[in-house]
2 protein chains.
Amino acid sequence: MKTIEQFLESKNIRVTAMRLLIYKFLAEKQVAVTLSDIENAFEKADRTTLYRTIKTFEEKAIVHQIDDGTGINKYALCEKGCNCEIETDLHLHFHCNNCNETICLTEHKIPQIKVPDGFVSENVNLVVKGICDKCSGQ
Amino acid sequence: MKTIEQFLESKNIRVTAMRLLIYKFLAEKQVAVTLSDIENAFEKADRTTLYRTIKTFEEKAIVHQIDDGTGINKYALCEKGCNCEIETDLHLHFHCNNCNETICLTEHKIPQIKVPDGFVSENVNLVVKGICDKCSGQ
DNA sequence: TCAATAAATGCACTTCCATTGCATAGATAT
DNA sequence: ATATCTATGCAATGGAAGTGCATTTATTGA
């Protein structure tokens, strides 16, 4: 069992207090978070630091960015089964129109999409919108 | 063969010079356009007018908004085979990473997506990214 | 036809999020 | 210990979406 420190180092990310905190915050969350979410969780820290930390995590492929159609970027840790460094990793995301939360459905792979002749598919973004399990049970 | 005027009236959209121009602009384009694209095409007109015209077209279901992951809303005329008033109309969009253009693949319907128990799917947004036919032929 | 009414347009402004430049603090290596 | 590189914080910018209000333009009805 790797420590977080070891994990970050293995990804060539320098370990700092801030980065550990942000990593733990993302790990606790079961949903994709916005930069503002992180900002609210760490009011002492500067927005820029949080922004750049996320970008670093993204570059090193331990976080992926999600565009769920709300117009605001969200981020989530890449879990096992999520290979974001591979461009063709294609799990889908679910956005709840009720609670506004977005979750990764890592185990749900996107089916093969056919495109017309001459078009080359490199990547697919698929967001399903509706009501999540928590909200539909209400 | 309906005139544009007749078409707009049939959709309960009042005909104005501006609206005709914007409609024609959209009709000429084979790709989804941003508000800025329209703005550049009609430098005399105010941004707000263009914005509200597009919103009107959207409400009346002759234009649909596309979120292609660039972070900028794009718009395209609803063609035959596009039934945007029906929430479950699910054609997909293709975004070219080279020329940055986004096109509707109206004839390509989105396959049925399975979501976990407890989740209710209301809508699906699917964007394929890659290289378009024009760019791949270069 | 003219007045009353409603809709469309234009201008100014606000808000929100993403992003960058630069100075400083902190860590690493020689 | 000092030079060097990275991370952090502050300030500012830019782009896009959206809103309030005044004015112009079109529509309706007397």
Side-chain angles (χ1 to χ4, degrees), chain A residues 4-6 8-26 32-60 62-76 95 100-102, chain B residues 4-6 8-26 32-60 62-76 95 100 102 125:
Chain A
I4 298 175
E5 283 89 341
Q6 287 169 337
L8 291 180
E9 276 168 3
S10 77
K11 293 281 186 176
N12 282 313
I13 301 169
R14 288 207 185 171
V15 177
T16 68
M18 208 58 247
R19 287 174 178 178
L20 281 172
L21 285 171
I22 295 174
Y23 184 91
K24 283 175 190 164
F25 177 76
L26 291 171
V33 300
T34 65
L35 200 59
S36 296
D37 291 335
I38 307 176
E39 214 182 341
N40 292 334
F42 301 100
E43 296 197 342
K44 304 150 208 159
D46 186 76
R47 184 185 177 79
T48 315
T49 304
L50 305 175
Y51 173 76
R52 287 200 254 239
T53 299
I54 286 290
K55 288 296 166 190
T56 300
F57 284 1
E58 216 185 327
E59 278 166 24
K60 305 295 185 180
I62 66 170
V63 155
H64 62 273
Q65 186 175 358
I66 301 157
D67 171 18
D68 65 4
T70 56
I72 301 166
N73 290 150
K74 294 188 178 176
Y75 305 91
H95 176 74
N100 204 34
E101 287 191 342
T102 298
Chain B
I4 298 176
E5 283 88 342
Q6 288 170 338
L8 292 180
E9 275 168 5
S10 76
K11 294 280 186 176
N12 282 313
I13 301 170
R14 289 206 187 170
V15 177
T16 69
M18 208 59 246
R19 288 175 176 177
L20 281 172
L21 285 172
I22 294 173
Y23 183 91
K24 283 175 191 164
F25 176 75
L26 291 171
V33 299
T34 66
L35 200 58
S36 294
D37 290 337
I38 306 176
E39 212 183 342
N40 293 334
F42 300 100
E43 297 196 341
K44 305 150 207 159
D46 186 76
R47 183 186 178 76
T48 315
T49 303
L50 305 175
Y51 174 76
R52 288 201 253 239
T53 300
I54 285 291
K55 289 295 166 191
T56 301
F57 284 0
E58 216 185 326
E59 278 165 25
K60 305 295 185 180
I62 67 167
V63 155
H64 64 274
Q65 186 175 358
I66 301 158
D67 171 17
D68 64 4
T70 57
I72 301 166
N73 291 150
K74 295 188 177 176
Y75 306 90
H95 176 75
N100 204 35
T102 298
N125 182 38

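We name chains A, B, ... by the order of the sequence lines, and we start the count at 1 in each one.
A straight line from CD1 of Ile72(A) to P of dA17(D) spans 13 Å, rounded to a whole angstrom. In this entry the distance linking CG of Leu8(A) with C1' of dA7(D) reads 14 Å, nearest Å. One can place CG of Asp46(B) at 13 Å from C1' of dT23(D), the figure rounded to the nearest angstrom. One atom, CD of Glu39(A), and another, P of dT8(D), lie 16 Å apart when rounded to the nearest Å. The distance from atom CD of Glu43(A) to atom C1' of dT8(D) is 18 Å, rounded to the nearest whole Å. Atom-to-atom, CG of Leu50(B) to P of dA16(D) comes out at 14 Å; the value is rounded to the nearest Å.
Residue Thr56(B) is out of contact with every strand shown, counting any heavy-atom pair closer than 4.0 Å.
The CG atom of Asn73(B) lies 10.0 Å from the CD1 atom of Ile66(B); values are rounded to the nearest 0.5 Å. Separation of atoms CG (Leu21(A)) and CZ (Phe42(A)) is listed at 5.0 Å; rounding is to 0.5 Å. The distance from atom CG of Asn12(B) to atom OG1 of Thr56(B), rounded to the nearest 0.5 Å, is 12.0 Å.
Phe57(B) has its ring centre no less than 6.0 Å from the ring centre of Tyr75(B).
With sequence neighbours excluded, no residue forms a side-chain hydrogen bond (donor to acceptor under 3.5 Å, both in side chains) with Glu9(B). With sequence neighbours excluded, the residues satisfying salt bridge (charged side-chain N to carboxylate O under 4.0 Å, His left out) with Arg47(B) are Glu39(B). Lys55(B) is linked by a salt bridge (charged side-chain N to carboxylate O under 4.0 Å, His left out) to Glu58(B), counting only residues two or more places apart in sequence or in another chain.
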Candidate pair His95(A) and Asn100(A), rule side chain to side chain contact (heavy atoms under 4.5 Å, CB included), full reasoning:
CA-CA 7 Å; His95(A) 176 74; Asn100(A) 204 34; 3.0 Å; yes
Under the side chain to side chain contact (heavy atoms under 4.5 Å, CB included) criterion, do Leu8(A) and Ile62(A) qualify, and how do the steps go?
CA-CA 9 Å; Leu8(A) 291 180; Ile62(A) 66 170; 3.8 Å; yes
Between the protein and nucleotides 18-21 of chain D, which nitrogen or oxygen pairs come in under 3.5 angstrom?
| unit_1 | atom_1 | unit_2 | atom_2 | d |
| --- | --- | --- | --- | --- |
| dG18(D) | OP2 | Tyr51(B) | OH | 2.7 |
| dG18(D) | O5' | Tyr51(B) | OH | 3.0 |
| dG20(D) | O6 | Arg52(B) | NH2 | 2.9 |

Just the table, please: protein N/O against nucleotides 25-29 of chain D N/O, every pair under 3.5 Å.
none

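Along DNA chain C, read 5' to 3', the first and last nucleotides having any atom under 4.0 Å from a heavy atom of chain B are dA7(C) to dA12(C).
When side chains are defined from C-beta on, Ile54(B) counts as touching Leu26(B), because their heavy atoms get closer than 4.5 Å. Between Ile22(B) and Thr49(B) the shortest side-chain heavy-atom distance does not fall below 4.5 Å.
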